[in-house]
**Student:** 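I am attaching a structure below and will ask some questions about it afterwards.
For the numbers below, each heavy atom of this structure counts, side chains included, while hydrogens, waters and symmetry mates do not. What you are looking at is a predicted structure, and each value in this text was computed from that prediction instead of being measured.
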Amino acid sequence: MEQDYKRLVRERILARDELIRATFSGEQKGSSLAWNNVVVRPVEIKGEIHLQFSYFDDKKDITKNYLEEAASKVDELLALPFRNIFVESADGNVQVNISKKGKAVVSEPKPSKAHAETNLAHDRQKSRLLSAENAEPFLKAVGIMTSDGKIRADMQSKFKQINEFLRLVDETDALQAFTDQPIHVVDFGCGNAYLTFAIYYYLHDILKLDAHVTGIDIKADLIERHKEKVKSLGWSQLNFQVGQIADYKPATIPNVVLALHACDTATDDALAQGIHWGSKLIVCAPCCQHELQAQMSRVPMPEQFASVFKDGIFFERIGDILTDTFRATILRIMGYRTDVTQFVPIEHTAKNLMIRSVKTSSAGNTHWVEEYRNLKSFWQVTPYLEKLLGDEYKPYLSS
Ligand SMILES: C[S@@+](CC[C@H](N)C(=O)[O-])C[C@H]1O[C@@H](n2cnc3c(N)ncnc32)[C@H](O)[C@@H]1O
């Protein structure tokens with residue numbers, strides 16, 4: 001029986017053209033696992049369908065794509081004492097639950113409405129998140145596509161950037177929680193708002209969620225233009241407001257906070273807002289930043305780094321790396337499973353880091369607190385985000 005279910009699960013997962021998603025979760029009685037859950041799904045990379053394995057625990061997730069090695073990775077998972085396995089596939093779903101006595105209960109539930117939706121999601125992923133076929137109204141509305149249906153040459157890289165941003169948001173699996181409740185999103189420092197329009201279209205028209213999206217920027221002329229466009233499109237749950245990120249007081253707390261290349265410390269303003277609200281998902285692609293470099297230039301740098309700092313460019317880059325390390329560590333302390341990933345290839349934009357954070361626990365993980373304090377005391381700086389978070393979070397951040 002055990003071999004039967006393992007063979008069935010293995011077959012369904014390895015039929016990668018048909019696979020939608022497989023989830024391994026929970027521990028069998030009396031055993032322990034390094035991961036809370038593992039999700040396997042197909043992704044197309046350079047024209048070939050790989051299997052993407054995402055391993056989640058409370059603090060982090062690790063994502064790896066496999067082509068030939070996929071079968072042995074599935075076998076590794078099947079050898080672990082997971083309690084539940086759910087495979088969604090165009091060939092039919094398979095549900096396996098291991099009872100307290102270690103017996104495998106296997107069922108093959110009928111594909112539900114959710115199945116049909118995930119099927120769509122699979123098709124979507126196999127093409128791109130937004131494609132000329134599925135997103136024509138959006139692409140035309142924001143001027144990425146010409147009226148005769150071609151992606152404009154000077155918009156190719158913006159289009160790629162938006163798609164990659166959406167793919168990385170989707171990959172966190174945080175959106176799944178909103179299939180039967182409204183999702184509120186704020187895009188801070190929305191600027192030209194390609195991403196704001198895109199995320200609205202993606203959530204509302206493609207994923208069919210009850211999405212409410214607000215773009216915030218200090219540039220009144222831009223916001224006025226976006227409002228006009230929204231009116232002409234009749235996209236009733238997409239809004240724009242003029243204002244400072246730090247001053248934004250939403251009527252409903254945002255579940256998702258986005259900030260794509262918000263300038264300098266505006267990224268910290270966005271992160272501080274998301275942390276205060278306890279938003280489920282916070283995704284930012286930081287921009288140029290100078291605040292920490294200014295602090296670093298006022299204190300003596302660690303002697304061991306003397307030769308690194310002979311060249312100004314290294315000083316600047318270490319400042320950037322430290323700023324983003326502090327941001328990621330603060331998010332981890334605040335109970336966010338956080339990863340830092342390359343967002344788009346360097347030829348599209350030099351600002352190509354993305355910090356992705358999903359709220360999974362409450363604040364105060366002592367491991368991260370200690371790492372954070374050590375890093376601060378080594379460099380003798382205080383990250384701007386810590387200053388913004390203020391007294392409420394002082395017990396975790398300052399020693
Ligand atoms: C580099 S643009 C990025 C725009 C857009 N997110 C994108 O990636 O295309 C940064 C935007 O952030 C806005 N911004 C900077 N600081 C801000 C703040 N404190 N509050 C609101 N908007 C801000 C700027 O006006 C600008 O439009």
Side-chain angles (χ1 to χ4, degrees), residues 59-60 188-189 218 244-248 257 259-277 282-343 346 349-357 362-399:
K59 296 185 210 111
K60 60 185 180 305
F188 281 135
I218 38 179
Q244 292 282 347
I245 295 168
D247 296 339
Y248 178 56
V257 172
L260 173 58
H261 300 147
C263 315
D264 201 359
T265 51
T267 298
D268 298 296
D269 291 328
L271 295 176
Q273 287 278 46
I275 290 170
H276 277 300
W277 292 325
I282 305 177
V283 182
C284 71
C287 199
C288 50
Q289 56 80 37
H290 312 288
E291 209 272 342
L292 200 82
Q293 276 97 329
Q295 287 189 53
M296 287 164 67
S297 59
R298 287 196 294 269
V299 292
M301 282 295 102
E303 246 174 56
Q304 299 90 324
F305 278 74
S307 46
V308 175
F309 292 135
K310 289 222 160 56
D311 296 287
I313 182 89
F314 288 150
F315 182 80
E316 217 175 272
R317 295 220 175 144
I318 292 216
D320 286 349
I321 290 170
L322 280 175
T323 303
D324 289 330
T325 306
F326 279 123
R327 286 168 172 160
T329 312
I330 289 178
L331 283 156
R332 289 176 178 133
I333 292 170
M334 299 310 158
Y336 283 85
R337 189 187 73 222
T338 297
D339 68 355
V340 181
T341 182
Q342 177 163 289
F343 159 36
I346 199 90
T349 168
K351 302 166 203 159
N352 67 342
L353 276 194
M354 173 184 274
I355 305 177
R356 288 188 299 183
S357 295
S362 49
N365 181 302
T366 47
H367 165 77
W368 296 119
V369 170
E370 201 181 317
E371 277 204 358
Y372 178 79
R373 290 181 182 169
N374 289 342
L375 196 62
K376 254 179 71 180
S377 88
F378 183 80
W379 291 98
Q380 298 182 50
V381 291
T382 300
Y384 188 69
L385 180 55
E386 174 179 330
K387 298 177 198 165
L388 284 178
L389 287 169
D391 288 347
E392 191 185 338
Y393 296 99
K394 230 182 190 149
Y396 306 120
L397 302 179
S398 49
S399 29

**Student:** Can you find a heavy atom in the side chain of Thr338 that is under 4.5 Å from one in the side chain of Trp368?
**Tutor:** no
**Student:** Counting distance only, does the side-chain N/O of Asn365 pair as donor-acceptor with the main-chain N or O of His367 below 3.5 Å?
**Tutor:** yes
**Student:** For Lys376 and Ser398, indicate whether the former's side chain and the latter's backbone hold a donor-acceptor pair under 3.5 Å.
**Tutor:** no
**Student:** If you look only at pairs with a residue in residues 282-302, which of them pass as a salt bridge (Lys or Arg N to Asp or Glu O under 4.0 Å), with sequence neighbours excluded?
**Tutor:** Glu291-Lys387
**Student:** Please say whether more than 12 non-hydrogen atoms of neighbouring residues, nucleotides or ligands are located less than 6.0 Å from CZ in Phe314.
**Tutor:** no
**Student:** Provide the full list of side-chain hydrogen bond (donor to acceptor under 3.5 Å, both in side chains) pairs with a residue in residues 325-334, sequence neighbours left out, each pair given once.
**Tutor:** Asp268-Arg327, Asp324-Arg327
**Student:** Could I get the full list of salt bridge (charged side-chain N to carboxylate O under 4.0 Å, His left out) partners for Lys310, not counting sequence neighbours?
**Tutor:** none
**Student:** What are the two closest non-hydrogen atoms of Ala262 and Cys287, and how far apart are they?
**Tutor:** O-CB, 3.1 Å
**Student:** According to salt bridge (charged side-chain N to carboxylate O under 4.0 Å, His left out), who are the partners of Asp339, at least two apart in sequence or on a separate chain?
**Tutor:** Arg356
**Student:** May I ask you to say whether Arg317 pairs ionically with Asp320, meaning some side-chain N is under 4.0 Å from a carboxylate O?
**Tutor:** no
**Student:** Can you confirm whether Glu371 sits close enough to Leu375 that some side-chain heavy atom of one is under 4.5 Å from a side-chain heavy atom of the other?
**Tutor:** no
**Student:** Is any side-chain heavy atom of Leu389 closer than 4.5 Å to a side-chain heavy atom of Glu386?
**Tutor:** no
**Student:** Search all heavy atoms of Cys284 against all heavy atoms of Leu271 and return the closest pair with its distance.
**Tutor:** SG-CD2, 3.9 Å
**Student:** Please, which pairs that meet ring-ring contact (aromatic ring centres under 6.0 Å, His included) have at least one residue in residues 380-399, sequence neighbours excluded?
**Tutor:** His276-Tyr393
**Student:** With side chains defined as the heavy atoms from C-beta onward, is the minimum distance between Met301 and Val308 less than 4.5 Å?
**Tutor:** no
**Student:** What pairs with Asp247 under salt bridge (charged side-chain N to carboxylate O under 4.0 Å, His left out), at least two apart in sequence or on another chain?
**Tutor:** none
**Student:** Phe326 and Tyr372: aromatic ring centres closer than 6.0 Å?
**Tutor:** yes
**Student:** State the CD-CG distance between Glu316 and Asp311, to the nearest 0.5 angstrom.
**Tutor:** 12.0 Å
**Student:** When you compare the side chain of Thr323 with that of Thr267, does any pair of heavy atoms fall below 4.5 Å?
**Tutor:** no
